[in-house]
Each structure stands twice: as structure tokens, then as C-alpha cells.
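Presented below is the structure to which this report refers.
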Amino acid sequence: MKYQDIVLKNKEWIDEVWERLDKKLSHTSVKSRDKIPYSTKDGVHDSCTEGIKITNWTNGFWGGLMWLMYAGTGKDCYKLTAERSEELMDVCFTDYVDELHHDVGFMWHILSGANYRLTGNKRSRNRNLLAAMTLMSRYNVEGNYIRSWNVTWEKIDNSGWTIIDCMMNIPQLYWASKELCDDRFKKIAVRYADMAMRDHVREDGSVNHIVVHDTEKPDVVLGTLGGQGYGEGSSWSRGVSWALYGFALSYIHTSHERYLQTAKKVAKHFIENTQKTDWLPLLDFKAPEQPVLYDSTAGAIAACGLIEIARNAEESEQEYYLSAALNILQAMEKHWCDWTETEDSILQMGSERYARGHHKPIIYGDFFFTEAILKLKGLDFLPW
Ligand code: GLY
């Protein structure tokens with residue numbers, strides 16, 4: 001079956017979920033307007049609005065979610081909350097520049113970048129350009145990679161580390177190149193994607209979360225680290241989903257076929273493993289059988305990537321990717337979505353890392369779940 005026929009077959013479910021999203025989010029958009037939520041406590045959104053937490057990598061998702069809903073509905077309640085989020089985060093550019101990291105793409109591209117693309121707001125364009133320049137400044141010219149994190153308080157030397165998650169930050173660089181008619185940003189993004197293809201993606205489609213590079217010599221890998229999954233050599237599902245969607249996005253922005261092929265290879269690994277657990281994604285596909293830990297955020301991110309792969313694949317392949325996305329979204333909606341007004345979050349059962357060993361709602365789960373439904377509705381706005 002072709003993409004459009006599959007969407008049509010599922011139209012009733014898609015419309016129903018979209019209505020539920022709008023009903024719940026139009027309520028929380030007002031209730032949590034002055035917050036930047038990360039999770040909930042006793043059903044109520046928490047907030048990262050103070051101190052160093054304002055530089056938290058997840059802080060663009062709440063405002064970004066509001067822009068997704070604004071793109072789909074045109075309602076002011078969403079626009080006002082998104083704009084509030086941007087204002088709250090401006091302090092990062094004055095008081096916390098030394099705390100900024102590679103996740104400025106997650107923080108501003110889907111927030112200020114989205115605002116500019118939807119409304120033409122010039123101040124937002126500048127915020128996103130400043131963030132893109134920050135990301136580009138992290139490029140190590142000798143090692144040929146973008147540095148991920150800063151020195152931690154434990155003083156671990158992470159100057160040579162890259163993490164697969166950064167595949168989601170580099171769309172900000174593709175955008176900046178176009179916006180400024182300056183290829184330098186894109187060239188660094190392409191170098192990063194090529195490095196990730198070579199050093200992070202494994203033969204079976206799983207990924208290394210962290211790769212340690214030589215800081216002085218180009219393209220020399222010193223080792224890999226387990227990061228947020230079970231351990232070194234395991235398959236942390238959110239890392240897999242970052243690669244899946246990230247390579248699909250790099251294909252969309254560059255038209256380089258090698259990125260689409262890589263996205264498909266990673267997708268196959270995600271699909272084959274998620275199928276085994278009735279389409280509810282485990283936190284790590286190569287962890288011991290016990291304890292059973294899931295991660296809904298990985299499912300939501302992967303669904304977005306699978307939809308984009310389906311759209312860009314040959315007609316004969318579209319069903320494989322799109323049906324998998326729908327299976328994941330429908331299973332998660334049935335088992336893990338909370339549509340009540342006593343709980344501010346929607347998608348439950350997110351996981352931060354294997355070592356924490358527990359589930360919680362996390363804001364980017366709601367963001368990517370909504371983004372996937374927006375795509376299926378055909379109300380397209382690609383925030384990346
Ligand atoms: N970027 C960190 C994470 O996915 O948890």
C-alpha cells in the first residue's frame with residue numbers, strides 16, 4: 001500500500017488523537033504558561049525556569065510543542081505560551097553562555113527557529129542564529145567533530161566526546177547556511193553526519209551512544225562508551241531513534257542518498273526489536289531480560305523518523321516504514337497516553353537512562369508524539 005492509502009485507512013484514529021491533543025494542550029498551554037516543564041510531579045508540570053537549569057537541553061521542547069500546535073490550529077493560546085518560553089530562555093544568552101553545550105539545536109531551533117519560520121519574527125531569527133553560531137563554535141578543527149558537552153563538575157575530560165544525539169542538532173546548521181547564504185555551517189553539519197555514519201552507527205543498525213575522538217588528529221577513534229544505555233556495546237533505544245530521525249533529516253536537508261540509506265539501516269534495527277515487544281519500545285535492545293525497562297520517548301522520536309523515511313522511500317517500501325510508525329504510535333496511545341486533566345503530561349513511561357531504572361513522563365515524549373500526529377494529519381510543519 002502507498003503512503004496516502006495507509007494514512008486514509010487510519011484517518012479516524014489520527015483525527016481522534018489530534019482532537020485529544022488539542023483539547024488537553026489548549027488547557028495546559030494556559031495552566032503552565034510561565035513554566036518550562038521537564039516532567040510532572042503528582043500530575044503537575046515542574047519547571048526549569050531558574051538558575052543553571054535554564055540551560056537544560058530539554059528546555060526548547062515545551063515552547064516547541066506549542067509551536068507545533070500553533071502550526072496545526074492557529075490558536076493564540078499556543079502562540080502566547082511559546083513566546084513566553086522564548087523570553088524566559090533569553091537569559092541564557094546573557095548570563096549562562098559559559099554553560100551552553102551542543103544541544104542549542106534542541107533548545108532554539110524548534111523554538112525560535114520555529115517562531116521565525118511560522119511568523120517571520122526577526123528577533124527569533126537572531127536567537128536561532130546565535131544558537132547556530134554557538135553550535136558551530138564547538139567544531140574541533142583538528143579532530144574533525146563537534147564537541148558535545150563541557151567539562152563536568154567531576155572534571156572528566158570529555159573534550160573528545162561526540163554523542164549520537166547531536167544528529168538532531170545539526171539541522172540548525174543546515175538552516176543557518178541557507179539563512180545567511182554561507183556554506184560554512186552546512187559543511188560542518190555534513191562532516192558531523194559523515195563522522196556519525198562512520199563512527200557511531202554499527203553494522204547491525206544499532207549505535208554507539210558516545211564516541212571518544214583524538215582531539216588533535218582527524219578521524220581517530222580512541223574508544224566508545226555506554227552512555228545512557230545498559231553499557232558499552234548495548235543498544236540504547238533513544239540513541240537509535242536519534243540516529244534514525246537525525247539521518248532522515250540530514251537526507252531531507254542535503255539530498256545525500258547515503259543518509260537515507262543509513263536512516264533505513266537504523267530503522268530496520270529499531271523495527272525488528274520493537275516488533276518483539278508488541279510495538280512498545282524497550283529502553284535498551286541489548287540489555288538483560290530483567291528488569292524490563294521501556295522508553296516511550298524513543299518510540300515517539302522513531303515514529304517521526306519512520307514517517308519521514310516512508311515519505312522519501314520508493315512506493316514499494318513505504319508500507320514497511322509507515323506501518324511500523326503507526327503500530328508504535330497506536331500501541332503507545334493505547335497503553336501509555338494519559339488524556340485526563342488531572343495529569344499535565346500526555347505520554348507516560350519515558351526513561352532518562354538505564355541506570356536510573358524507573359519510568360516517568362518527559363516533555364520531549366509529548367513533543368515527538370505530537371509531531372508524529374501532526375505529520376500524519378498532513379498539517380505539515382517540519383520543526384527541524
Ligand atoms: N540528549 C540526551 C538524551 O537523549 O537523554
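Note that ligands are numbered from 1 as they come in the structure, with each ligand's atoms numbered from 1 the same way. For reference, positions follow the sequence shown, starting with 1.
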- [ ] Considering heavy atoms of the protein only, find what lies nearest to atom 2 (C) of ligand 1 and give residue, atom and distance to 0.1 Å.
- [x] Asp165 OD2, 3.1 Å
- [ ] Return yes or no for this condition: an N or O of Trp236 is under 3.5 Å from an N or O of ligand 1.
- [x] no
Task: Flag for Glu179-Tyr116: side-chain donor and acceptor within less than 3.5 Å - done: yes
- [ ] Report the part of Trp57 in contact with ligand 1, treating N, CA, C, O as backbone and CB onward as side chain, heavy atoms under 4.0 Å; options are side chain, backbone, both, neither.
- [x] side chain
Open item on the list: Donor-acceptor pair, distance only, cut-off 3.5 Å: does the side chain of Ser47 make one with the backbone of Ile36?
Closed with: yes
- [ ] Would you kindly specify which portion of Arg353 sits under 4.0 Å from ligand 1, judged on non-hydrogen atoms: side chain, backbone, both or neither?
- [x] neither
Task: Heteroatom proximity flag, Glu352 to ligand 1, N/O under 3.5 Å - done: no
Open item on the list: Below 30° counts as parallel, above 60° as perpendicular, anything between as tilted: where do the rings of Phe367 and Trp384 land?
Closed with: perpendicular
Open item on the list: Classify the ring geometry of Tyr230 against Tyr354: parallel below 30°, tilted from 30° to 60°, perpendicular beyond 60°.
Closed with: perpendicular
Task: Trp149 near ligand 1 by a heavy-atom separation under 4.0 Å - done: no
Task: Arg238: numbered ligand 1 atoms lying under 4.0 Å from its heavy atoms - done: 3 (C), 4 (O), 5 (O)
Open item on the list: Given 3.5 Å as the limit, does a donor-acceptor pair link the side chain of His102 with the main chain of Thr162, or not?
Closed with: no
Task: Check: Gln318/Glu314 side-chain N/O donor and acceptor closer than 3.5 Å - done: no
Task: Min heavy-atom dist Trp242 to ligand 1 below 4.0 Å - done: yes
